Amino acid sequence: MKIDLHCHTKISDNSFSTEEVILQAKQQGVTHLAITDHDTTIGLQLAIEIGKEQGVEIIPGIEISAYDFKRNRRAHILGLYVTPGHDAIYQLCQPLIEKRHQASYEMVRKLIEAGYSISWEEVSLHCEGGTGVYKQHIMHALLEKGYTNEIFGALYKKLFSRGGPGHEPGIAYVPITYIDVFDAIRVIKAAGGIPVLAHPGQFDNFSAVSELVEAGLKGIEINHPLHNHENRVRALEIANEYQLIKTGGSDFHGLYSDTQSTLGSETTEEDWFMKIKEKIDQG
């Protein structure tokens with residue numbers, strides 16, 4: 001088995017459609033793939049059907065773009081084996097989807113005012129079939145106009161950086177308020193899923209784990225393209241300390257990747273996956 005429990009499709013911020021992603025997974029020898037689009041379960045039923053046709057078992061999932069307000073940092077939560085279309089997820093996540101889309105509109109307006117020759121219509125073409133415009137779609141339009149030769153790089157930072165002490169935010173930066181991490185865990189559980197802390201090394205979420213476990217966190221992502229050796233060791237230690245399930249995945253975004261990862265480049269070990277299946281079977 002080759003198990004990748006973290007990937008996206010064009011429904012959120014991957015450049016490839018659901019069908020293209022599953023075909024690539026098959027080509028890479030992936031036998032089990034979790035589709036974990038940001039803040040939505042749209043398309044999961046179709047993905048499951050395509051997976052059956054292609055011989056790839058699709059795990060219905062989600063990645064909620066959450067925030068740890070106590071520690072003032074982002075904290076993404078994966079939900080594995082969620083019920084597609086569950087109302088609790090929709091009610092929590094739909095306002096964020098709408099806010100993100102509106103923020104992207106404001107970003108494009110700022111760029112036009114700054115002299116960049118792009119239009120909202122050109123940007124919107126890149127998210128057809130998805131839930132809305134992401135910064136990656138804006139960058140794709142800028143790339144096509146010759147302003148850059150990469151999605152993530154110097155121009156991305158110049159335009160969209162959040163700023164910080166001693167640093168001005170990017171010229172097109174528009175803040176949005178993300179979902180509370182504890183609410184993210186709550187709705188994933190309500191939808192019958194397993195809440196997993198995604199790439200804790202990326203946002204330094206390790207210190208929050210004890211509180212997240214109290215709230216119902218059941219797993220932690222060990223293998224991820226942004227995790228160095230130290231991150232992996234620490235995540236493993238925490239998984240063992242709190243008896244959390246362990247996962248791994250490529251976090252595949254196609255052409256919109258900042259890690260250049262491919263499907264199946266980071267995986268979930270077979271014995272880890274068996275523990276997940278046990279949890280599902282136990283209800």
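Quantities reported herein were computed from a predicted structural model and do not represent experimental measurements. Only this structure's heavy atoms are used, side chains among them; waters, hydrogens and symmetry mates stay out.
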Look at the side-chain heavy atoms of Ile, Leu, Val, Met, Phe, Trp and Tyr, link any pair under 4.5 Å apart, and say whether I58 and I188 land in one connected group. yes
is_close_aromatic(H6, F252), centroid dist under 6.0 Å: no
Under 3.5 Å, side chain of T268 to main-chain N/O of T247, donor-acceptor pair present? no
Is a side-chain donor or acceptor of S104 paired with a backbone partner of V133 at a separation under 3.5 angstrom? yes
Salt bridge (charged side-chain N to carboxylate O under 4.0 Å, His left out), that's the test. Do K26 and E20 meet it? Break it down for me. CA-CA 10 Å; K26 184 178 182 181; E20 288 170 329; over 6 Å; no
Given the rule that I, L, V, M, F, W and Y join up when any side-chain heavy atoms are under 4.5 Å apart, are I77 and Y81 in one cluster? no
Atom CD of Q102 and atom CD of E98: how far apart are they, to the nearest 0.5 Å? 10.0 Å
Looking at S250, is its backbone amide N or carbonyl O close enough to the side chain of H224 to form a donor-acceptor pair, meaning the two atoms are under 3.5 Å apart? no
Can you label the angle between the Y67 ring and the Y178 ring as parallel, tilted or perpendicular, going by 30° and 60°? parallel
When you measure from the side chain of Q91 to the backbone N and O of A88, does any donor-acceptor pair fall under 3.5 Å? no
For E113, is the CD atom crowded, meaning more than 12 foreign heavy atoms sit under 6.0 Å from it? yes
How far does CD1 of I171 sit from CG of L159, to the nearest 0.5 angstrom? 5.0 Å
Under a 4.5 Å cut-off applied to non-hydrogen side-chain atoms, are T131 and I11 in contact? yes
Checking the side chain of N14 only, and the main-chain atoms of H8 only, is there a donor and an acceptor separated by less than 3.5 Å? yes
Kindly indicate whether the side chain of L33, heavy atoms from C-beta on, has any atom under 4.5 Å from the side chain of V21. yes
Is Y256 reaching over with its side chain to a backbone N or O of K10, donor-acceptor style, under 3.5 angstrom? no
Using modelled atom types and a 3.5 Å cut-off, is there a donor and acceptor pairing between side-chain atoms of K2 and backbone atoms of Q28? yes
Cut-off 3.5 Å, side chains only: do R100 and S65 have a donor facing an acceptor? yes
Counting only heavy atoms from other residues, nucleotides and ligands, does the tally under 6.0 Å from CD of E19 exceed 12? no
Can you see which heavy atom on I3 is nearest to which on E270, and at what distance? CD1-CA, 4.0 Å
CZ (F206) with more than 12 external heavy atoms under 6.0 Å: yes
Transitive ILVMFWY side-chain link Y156 to Y173, under 4.5 Å: no
Under the salt bridge (charged side-chain N to carboxylate O under 4.0 Å, His left out) rule, what do R109 and E106 come out as? Steps first, then yes or no, please. CA-CA 5 Å; R109 183 182 61 78; E106 292 300 319; 2.8 Å; yes
The side chain to side chain contact (heavy atoms under 4.5 Å, CB included) partner of I35 among I59, T9, L5, I62 is T9
Working to the nearest 0.5 angstrom, can you tell me the gap between L212 CG and N205 CG? 7.5 Å
The test is ring pair (Phe, Tyr, Trp, His ring centres under 6.0 Å); show your working for H101 and Y134 and say whether it passes. CA-CA 7 Å; H101 190 66; Y134 282 71; 9.5 Å; no
Are V209 and W272 in one and the same hydrophobic cluster, where Ile, Leu, Val, Met, Phe, Trp and Tyr link if side-chain heavy atoms are under 4.5 Å apart? yes
Without hydrogens or angle criteria, can the side chains of H32 and D4 be said to hold a donor-acceptor pair below 3.5 Å? no
Cluster overlap F160 with V108, hydrophobic side-chain contacts below 4.5 Å: yes
Student check: side-chain heavy atoms of L155 and Y116 closer than 4.5 Å: yes
If you apply the rule ring pair (Phe, Tyr, Trp, His ring centres under 6.0 Å), what do you find for W120 with H126, and how did you get there? CA-CA 10 Å; W120 178 246; H126 296 298; over 10 Å; no
Side chain of H76, backbone of R74: donor and acceptor closer than 3.5 Å? no
Side-chain H-bond candidate by donor/acceptor type, E221 with H199, under 3.5 Å: no
Within a 6.0 Å radius of atom NZ on K275, are there more than 12 heavy atoms belonging to other residues, nucleotides or ligands? no
